[in-house]
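A short worksheet on the structure shown next.
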Number of protein chains: 2
Amino acid sequence: MERDQQPGGRPGRRPTLADVAAASGVSRALASIVMRGAEGAGEATRERVLETARQLGYRPDSRARLLRSSRTRLLGITFTVSEPFHGEIVESIYAAAEAAGFEVLLSAVGAQRPEARAVETLLDAGVEAALMISPSSGPADLAALARQVPVISLLSAAVPGIDAVRSDDAAGIRAAVQHLAALGHRDIAHVDGGDAVASAERRAAYEESMREAGIGECIRILHGGAHEADGIAAAGELLAGRRPTAVVAFNDRCALGILEAAWRTGLRVPDDLSVVGYDDSQLARLDHVRLTSVSQDAAGLAEAAVACAAARIRSEEPDGLVLQPALVVRSTTGTPPD
Amino acid sequence: MERDQQPGGRPGRRPTLADVAAASGVSRALASIVMRGAEGAGEATRERVLETARQLGYRPDSRARLLRSSRTRLLGITFTVSEPFHGEIVESIYAAAEAAGFEVLLSAVGAQRPEARAVETLLDAGVEAALMISPSSGPADLAALARQVPVISLLSAAVPGIDAVRSDDAAGIRAAVQHLAALGHRDIAHVDGGDAVASAERRAAYEESMREAGIGECIRILHGGAHEADGIAAAGELLAGRRPTAVVAFNDRCALGILEAAWRTGLRVPDDLSVVGYDDSQLARLDHVRLTSVSQDAAGLAEAAVACAAARIRSEEPDGLVLQPALVVRSTTGTPPD
DNA sequence: GTGAAAGCGCTAACAT
DNA sequence: ATGTTAGCGCTTTCAC
């Protein structure tokens, strides 16, 4: 299979569109039409060109394509490389973008690499929109950015002028409480997120859904936080004295802390205590954890974000920016003791 | 700060090098020289051009630059988005690449997106080398790829014709055993990785370092695996009957399974049992785990990989492809009981 | 249906 | 030290 040197081709170089055109006896323009599947080429020609392209091992040069075409069909993503959930969304964005006819350009944010830099890279590469997962830039910076290109933020609260795709936190908490109530729980406590951003909203949703379930008098909120240690600390107070039969935690890491504390205390989960997390992270799915958790639906968020970007690029108004989370029931919830 | 319309500039468009050149009264070529810091421009001119560029908000268009220059100074990375350790390496690669004067292009591999596709994207974008983190492609595919561009694999065993940057597994295991032996442990068991790739090498290293430490008669190997469940299963056997005082696990997830089992059994770690993991993953660093683990030194691997790529691009032979891992001592190891 | 010509924004020889 | 001249590989009118 020696084909490093096609007839007329220059040695050692990647074949170009011109090579394909020459080899199949058409003009570059026509070859271009065929390669990108545009209309304006006869069936016979199309087949012939495609066949030579294949034989030559031709692949379009994305740099040249991007440079020339006004529509780059390129979607830029900023994400934090150390956030597992960002990874899930990124993966789903690839699928959604492909379906919508877009290419994806990734730009990681990290300790070494501020978000501003990550975004600049995307802009310089000619993306038509920037999807920013949990953007850390301030509203002013985002607004400035949004003047250059449509910006869609994921997982963050709305900022004026920026489309925000996120999931309905209140609905997620409600689903958790309703699930527990349906199992027969009445003593359902909430370990909140402390100072974390979404904490207040989730706390309010907990109170409201407890009342909706007719067990408003059982409301019990403990100060928690976003990490395992917070869950462990809260569990100390929670498991001493009158113990609830179920806990809704601020997030999975907090829930994991509660689980750890419960296990060490000798409590059986879910027989003695049911625990629900939030995020449906990798942690929740670990074989030995199998935590019931509220899933933010990475695929749904990704699709909505891509659809939103596509709409903005077409200068249309997007919609469907708020996704409904779903409760994923695993092994940490069951009927209450007795 | 209205500067959407600079004099002579076209409305709503990003300023180009031509705009900068015109506005500062020099030729495009000279402006180009200044912008990329090449030599051949007077100090005064340089300042003036730079100043107008700043005023205009000019940023070079990377597509055009990439297209034109033979040296794209672009490094392509394939990584798996769901692997936390890959993320760490990616972050370090950014830093290393910048120091070496390279840009980084990320291409994610996932369930939706096979590695072959991820690599093609990189090639089409004109990368000068491909760094593949834990490549999943077969030797034949890798070899074919390596004929087009230098390929450096990270974290994987060497393949003929491909440079492999990895860490010295045997040394890592040895460090773990020596650490435990130094603490006074003699009964050090090993829960291996089952069928996992690196399992055999680590198992052999365990045996050898046990003998080196003069406790060859205490060698005890249990069948494990790469996941929590494997650790839990192995722990069942391990903790019944004559219990070792310490365990070296195949990796962090396996170690976590052992920890869980120990906690549930009521054992105190490290008072009753010391546990060492491998990978120094996020899991190991969780507040409530604080697992002593062998760190693969993401930064070192990243630097070595970038240096290797740079060498290959210059048609030189790389070296320093095998990194020494380091033991990170946390809270799961201590002196043996009694 | 097909081809000729004109660039996209930039860099790199080659003049001056 | 500065400017001129060609393109990189591709897409996109616009003729035929």
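Computed from a predicted structure; not experimentally measured.
B:Asp297 meets the side-chain hydrogen bond (donor to acceptor under 3.5 Å, both in side chains) test with no other residue; sequence neighbours excluded. With sequence neighbours left out, the side-chain hydrogen bond (donor to acceptor under 3.5 Å, both in side chains) criterion links B:Glu128 to B:Arg71.
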Practice task
Sugar-phosphate means primed atoms, P, OP1 and OP2; the rest is base. With that split, encode nucleotides 11-16 of chain C 5' to 3' as B, S or - using protein heavy atoms under 4.0 Å.
Solution key: BB----
Problem - Evaluation steps, side chain to side chain contact (heavy atoms under 4.5 Å, CB included), between A:Val104 and A:Glu98 - result: CA-CA 8 Å; A:Val104 167; A:Glu98 179 160 25; over 6 Å; no
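As rounded to whole Å, 11 Å separates atom P of D:dC8 from atom CG of A:Asp19. Distance CZ (A:Arg63) to P (D:dT11): 13 Å, rounded to an integer number of Å. Across the protein-nucleic acid pair, B:Leu67 atom CG and D:dT11 atom C1' stand 12 Å apart, rounded to whole Å. Rounding to whole angstrom units, CG of residue B:Asp61 and C1' of C:dG9 are separated by 6 Å. In this structure, CZ of B:Arg73 is placed 23 Å from P of D:dC8, rounded to the nearest angstrom.
Taking 4.0 angstrom as the limit, A:Thr16 places none of its side-chain polar atoms (N or O) nearer than this to OP1 or OP2 of D:dG9. When the side-chain nitrogen and oxygen atoms of A:Thr45 are compared with OP1 and OP2 of C:dT2, one or more of them lie within a distance under 4.0 Å.
Salt bridge present: A:Asp163 and A:Arg312 bring a charged side-chain N and a carboxylate O closer than 4.0 Å. The pair A:Glu51-A:Arg54 counts as a salt bridge, with a side-chain nitrogen and a carboxylate oxygen less than 4.0 angstrom apart.
No side-chain N or O of B:Ser32 forms a donor-acceptor pair with one of B:Arg68 less than 3.5 Å apart.
Here B:Gly42 lies in heavy-atom contact (under 4.0 Å) with sugar-phosphate atoms only.
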